[in-house]
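Naming: A, B, ... by sequence-line order, numbering from 1 per chain. Please read all numbers here as calculations on a predicted model, not as lab measurements.
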Amino acid sequence: MTDEKTKYVPHHVMVVDTNRCVGCWTCAVGCKEINNEPLGFWWNRILTTAPNQSTTAAPPASENIDVPRGVFPDLELAYLPVACQHCNDAPCVKVCPVQATYRRDDGAVLIDYERCIGCRYCMAACPYGVRIFNWGDAEYAPGGIVGYGKNYYDDGRLVFTPERPKGVVEKCTFCVERIDVGEEPFCVEVCPIGARVFGDLNDADSEVSQLINEGGAVQLHPELGTDPNVYYVPVRKRVVRES
Amino acid sequence: MAINTVSLPDAAEGKVAKSVGVQIWYALLALIGVIGFAAWIYELDHGLAATGMRDVVSWGMYIFTFAFFIGLSAGGLIMASSAEVFGIKALKPLARLGVLSAASCVAVAALMIIPDLGQPTRILNLVRHPNWSSPLLWDVLIITVYFIFSVVDLSVLQVHAVEPTRLRRTMRLLAYIGLPTAVLLHSVTAWIFGLQISRTWWNTSLMAPLFVVSAILSGTALVTLLALAAERWGHFNLPNDTREWLRKFVAMALLIDLFFVACDYITIFWGNVPADRSALNLVLPGGPYSWLFWGEWLVGGLVPLAFLMVPRLRRVSGSLGIATFLVLIGVYAFRIELVIVGFVNPLTQFPPGNALGTYNATASSFQLVGKYTPSLVEYAITLGLCALFAAIFTTGYRRLHLADGKMIRDPLGSASLTRDEGPPTSDDNSVRDTTLATKP
Ligand code: SF4
Ligand code: SF4
Ligand code: SF4
C-alpha cells in the first residue's frame with residue numbers, strides 16, 4: 001500500500017460501447033470464470049434490446065434473448081451488457097442497515113461478506129437488478145475453483161471469496177483484486193471486440209474520459225440520480241434525410 | 001377474585017369444561033408453534049433456498065406478514081390511545097385489550113424478520129455498525145422503542161384498572177406519547193418501501209399515510225375481533241355503544257383506505273408511464289394478480305362496507321365480526337400486493353432479465369417477470385408465529401384479567417343498561433345478556 005503523501009485515488013469508470021457489442025456473452029462468462037460464480041449466478045449479463053431503447057419501455061418481443069424487435073424486414077437488435085453500475089449515490093449503500101455494502105473512494109461499490117446479515121434490502125433498492133443472493137449452499141460447476149481463487153480484503157473487509165457463504169448478497173466487484181494491482185477488470189480484458197473500456201475519469205486524456213466527454217457515453221437511468229460509474233456509448237444510426 | 005362478578009355462566013361444571021377448552025387451545029397453538037419452529041430449524045440448515053423467494057422476488061411472505069403485523073400493532077395502540085387523547089368514552093373499555101394486542105403484534109412482527117435473514121446470527125451488526133440512512137435501521141429502532149413502550153403502557157393501564165385512582169396522569173401522558181409513536185412506527189415501515197426509487201410501485205409519498213390508515217383499519221378490526229372472541233369465550237363485556245363506535249370507526253377507516261388506494265391507481269392510470277402501468281396491469285382485473293385486487297376491493301372492501309353500513313345487513317347476527325374479519329383479509333391482500341407486485345414488475349423489460357441465484361438443470365437461470373409461490377416452510381413459520389401471537393394474547397388476557405369487572409366500573413349494570421337502550425343491532429350479545437339475566 002502506498003503511504004498518505006503519495007496516495008492518489010483514481011476515479012474508476014467503465015464504458016461499454018454498444019456500437020461494438022455483438023452480444024456474445026464472453027464478458028459474462030469471463031466474469032463467471034474469474035469470480036468462480038456458483039451455478040445460476042450471473043454478475044454480468046447481456047440484455048437483448050433495440051438500439052438506444054429505454055430500459056423501462058414496453059414489454060419485449062420475447063422473453064428469450066437474441067429476438068429482434070419489429071416486423072420483418074424492419075428488425076432492430078442491440079445489446080446492453082449490465083452488471084453493477086457502481087453508483088456514486090448508490091441506493092444499495094444507503095439502505096444497507098449495517099454498512100456491509102459500501103462505496104470505496106475510487107467509486108467501486110463493494111460488499112463485506114463477513115458483515116452482511118442477508119436482509120436483502122439492497123436487492124429491493126437497486127434499480128438495476130444486479131445483486132444476487134446466496135439462497136442456499138452454493139453449487140459450482142464440476143472441476144473445482146476457477147479464476148482468482150483467493151480471499152480478497154479491502155481495508156480488512158472480505159470483499160471477495162471464491163467459495164460463497166450462505167445467506168449473503170454478492171455482485172460485480174469491479175474486479176477490485178485486479179484493478180488494485182493495475183490490471184483491467186476481467187470482462188474488459190476478455191471482450192473480443194474491445195467494446196469495454198476501463199480507466200480513470202480524473203485523467204482527461206484517458207480513453208474513458210474521451211468517450212464520456214466527447215463520445216456521448218451516457219449512464220443508465222440518469223434520471224434516478226444514482227450517478228453510475230458505468231457508461232454506455234449509444235448506438236449511432238445513420239439517418240438519411242430526404243432534403 | 002373479582003372475576004366472579006362477571007362470570008355468571010360459570011357454574012362449577014362449566015369451569016371444568018372451560019379449562020379443558022383452554023388446554024386444548026394451548027395444545028393446538030403449541031403444535032402449530034412447534035411445527036413452525038421445526039420449519040425454521042430446517043430453513044437454517046438449508047438456507048433461504050428452502051423458501052419460494054429467489055432473486056427477482058427477493059422478499060416474500062415474511063415481509064408482507066411483517067408489515068401486516070406492524071399495522072395490526074400500530075392500529076391497536078392508536079385506538080387505545082385515541083380513547084384517552086380524544087376522550088372517546090366508548091373506546092375506553094378496549095384500552096387494555098388494544099394495548100395487549102399492540103404489544104403481542106409488534107413482538108411477533110419483530111420475530112417475523114428473523115427467519116427472513118440470511119445470516120440471523122449476525123443480527124447484532126445492527127447495533128455494532130448502524131447505518132443511519134437506512135429506513136430498515138430506523139424501523140428496528142422504532143420497533144424496539146414501541147415494544148418497550150407498549151409493555152410499559154400495559155402495566156400502567158393494569159395498575160390503573162386495578163386501582164382507578166392511581167397513575168391517572170401517567171396513563172394520560174402515555175396515551176399522548178403512544179399515539180404519535182404508533183403513527184411513526186407505521187410510517188417508518190412504509191418508508192422502507194416508499195423511499196425506494198428503484199420500484200415505481202412503491203415510490204409514492206402516499207405510502208406512509210396509506211400505511212397509517214390501513215394500520216388503523218386493520219388494528220381496529222383485529223381488536224374488534226379479539227373483543228368479540230373474548231366476549232364469546234372469555235366473559236369480556238363489550239358494551240353496545242362500543243360496538244357502535246367500532247362499527248363506525250372501521251367503516252370510516254375502510255373508506256379512507258380505499259380512497260387512498262384509488263388515488264394511487266388513478267395517478268398511475270392517467271399518467272400512463274409504461275413502468276407504472278405494467279405494475280398496475282398486474283393487479284387490475286385481467287392481470288395475473290387480480291385476485292389481490294378482488295381481495296382488497298370486494299372481499300375486504302365493498303362486502304364488509306355493506307355489512308357495516310347497510311341497515312338491513314347490519315342487523316345480521318355477527319355482522320360486525322364478519323365485517324372485521326373480511327377487512328383483515330383485505331388489508332392482508334393489500335400488503336401482499338404492495339410487496340410482491342413491486343418485485344414482480346420487471347426493473348428492465350429486456351430479456352433475459354435477472355439471474356435467479358439458483359440452478360435448475362431443466363429451466364432457465366434467468367427470469368424477466370418475477371414469480372413467487374411461498375414454500376411450505378414459509379407457511380409453517382408464518383403460521384407458527386401467528387400461533388405465538390395467539391398464545392401471547394390468550395395468556396396476557398387471562399393473566400391480566402382483562403375480563404375482570406374492574407375495568408368497566410359496573411359491568412352488570414352497564415350491560416343491562418345498554419341492552420335496554422341500545423339499538424336493535426345487539427345480536428348475539430343481547431342473547432347472552434338475557435341468559436346472564438335469567439341466571440340466578
Ligand atoms: S447498480 Fe445497484 S448494486 Fe450496483 S451500486 Fe448501483 S444500486 Fe448498488
Ligand atoms: S443483504 Fe447484506 S448487503 Fe444487502 S442490505 Fe442487507 S446487510 Fe446490507
Ligand atoms: S468488472 Fe469484474 S466482476 Fe464486474 S462484470 Fe466485469 S468481470 Fe465481472
Side-chain angles (χ1 to χ4, degrees), chain A residues 38-43 45-49 53-67 80 82 91 93-100 114-121 123-137 139 165-169 220 224-226, chain B residues 46-51 53-56 58-59 113 116-123 125-126 128-131 133-137 139-140 192-193 195-200 202 273-275 278 342-343 346-360 364-369:
Chain A
L39 296 174
F41 282 50
W42 293 88
W43 288 3
R45 76 243 198 240
I46 319 306
L47 303 180
T48 298
T49 164
Q53 187 132 41
S54 151
T55 47
T56 52
S62 158
E63 289 201 13
N64 296 322
I65 58 169
D66 295 339
V67 178
L80 190 72
V82 177
V93 174
K94 283 202 275 190
V95 300
C96 177
V98 296
Q99 300 179 0
E114 290 172 322
R115 189 183 289 182
C116 171
I117 59 172
C119 66
R120 309 188 299 294
Y121 196 5
M123 301 179 70
C126 169
Y128 305 94
V130 299
R131 294 182 155 249
I132 302 184
F133 188 66
N134 285 279
W135 296 96
D137 288 315
E139 285 180 83
K166 199 162 64 182
V168 300
V169 165
L220 271 191
L224 294 179
T226 50
Chain B
H46 288 72
L48 292 179
T51 71
M53 296 181 276
R54 285 302 179 265
D55 274 355
V56 180
S58 51
W59 275 349
I113 290 298
D116 192 57
L117 295 181
Q119 288 280 351
T121 52
R122 296 182 185 168
I123 195 159
N125 281 358
L126 288 167
R128 283 163 57 208
H129 312 285
N131 176 12
S133 67
S134 172
L136 198 59
L137 192 81
D139 209 40
V140 169
I192 288 182
F193 304 99
L195 299 183
Q196 296 316 317
I197 52 168
S198 53
R199 307 192 185 252
T200 54
W202 296 348
V273 176
S278 64
F343 282 105
L347 289 171
T348 139
Q349 291 281 5
F350 300 152
N354 291 23
L356 274 176
T358 40
Y359 176 69
N360 178 345
S364 167
S365 296
F366 292 93
Q367 203 169 73
L368 183 63
V369 179

4.5 Å side-chain heavy-atom contact, B:F193 and B:R199: no
Which of A:P165, A:C96, A:G136 touches chain B most, by non-hydrogen pairs under 4.5 Å: A:C96
Please classify the contact between A:V93 and chain B as side chain, backbone, both or neither, with a heavy-atom cut-off of under 4.5 Å. backbone
Apply side-chain contact (heavy atoms from CB on, under 4.5 Å) to the pair B:L137 and B:N131, showing each step before the final yes or no. CA-CA 7 Å; B:L137 192 81; B:N131 176 12; 5.6 Å; no
Can you say whether A:C126 sits under 4.5 Å from chain B via the side chain, the backbone, both, or neither, judging by heavy atoms? backbone
Check whether any side-chain heavy atom of A:Y128 lies under 4.5 Å from a side-chain heavy atom of A:T226, and answer yes or no. yes
Over all heavy atoms of both residues, which pair between B:V369 and B:P346 is shortest? Give the atoms and the distance, please. CG2-CG, 3.9 Å
With only heavy atoms counted, which part of B:R128 is less than 4.5 Å from chain A, the side chain, the backbone, both or neither? neither
Of B:G342, B:S365, B:A50, B:S364, the largest count of non-hydrogen pairs under 4.5 angstrom with chain A goes to B:S365
Picking from B:P120, B:P135, B:S58, which has the most non-hydrogen pairs under 4.5 angstrom with chain A? B:S58
Hey, can you tell me if B:F343 and B:W59 have their rings parallel, tilted or perpendicular (30° and 60° cut-offs)? perpendicular
Examine whether an atom of B:Q119 lies under 4.5 Å from a heavy atom of chain A, and if so say whether it belongs to the side chain, the backbone or both; otherwise answer neither. both
State whether the side chain of A:R120 and the backbone N or O of B:L117 hold a donor-acceptor pair below 3.5 Å, judged by distance alone. no
Any side-chain heavy atom of B:L136 sitting closer than 4.5 Å to one from A:C119? yes
Measuring heavy-atom distances to chain A, does B:I192 have an atom under 4.5 Å in its side chain, in its backbone, in both, or in neither? both
Per-residue contact mode, B:S278 against chain A (heavy atom under 4.5 angstrom): neither
Among B:G353, B:A49, B:P352, B:S134, which residue has the highest count of heavy-atom pairs closer than 4.5 Å to chain A? B:S134
Side-chain touch A:V82/A:L220, heavy atoms, less than 4.5 angstrom: yes
Just so I understand: if I count every heavy-atom pair under 4.5 Å between each of A:E114, A:R45, A:R115 and chain B, which residue has the most? A:R115
Side chains of B:D55 and A:W135: closer than 4.5 Å at any heavy-atom pair? yes
Are B:M53 and B:D116 packed together at the side-chain level, in the sense that at least one heavy-atom pair is separated by less than 4.5 angstrom? yes
For chain B, which candidate among A:N64, A:V169, A:I117 shows the most heavy-atom pairs at distances under 4.5 Å? A:I117
For A:E139, is it the side chain, the backbone, both or neither that has a heavy atom under 4.5 Å from a heavy atom of chain B? side chain
Assert top hit (heavy-atom pairs under 4.5 Å, partner chain B, pool A:C116, A:S62, A:A100) equals A:C116
Return the option, out of B:S133, B:G47, B:S198, B:P130, with the maximum number of heavy-atom pairs under 4.5 Å with chain A. B:S198
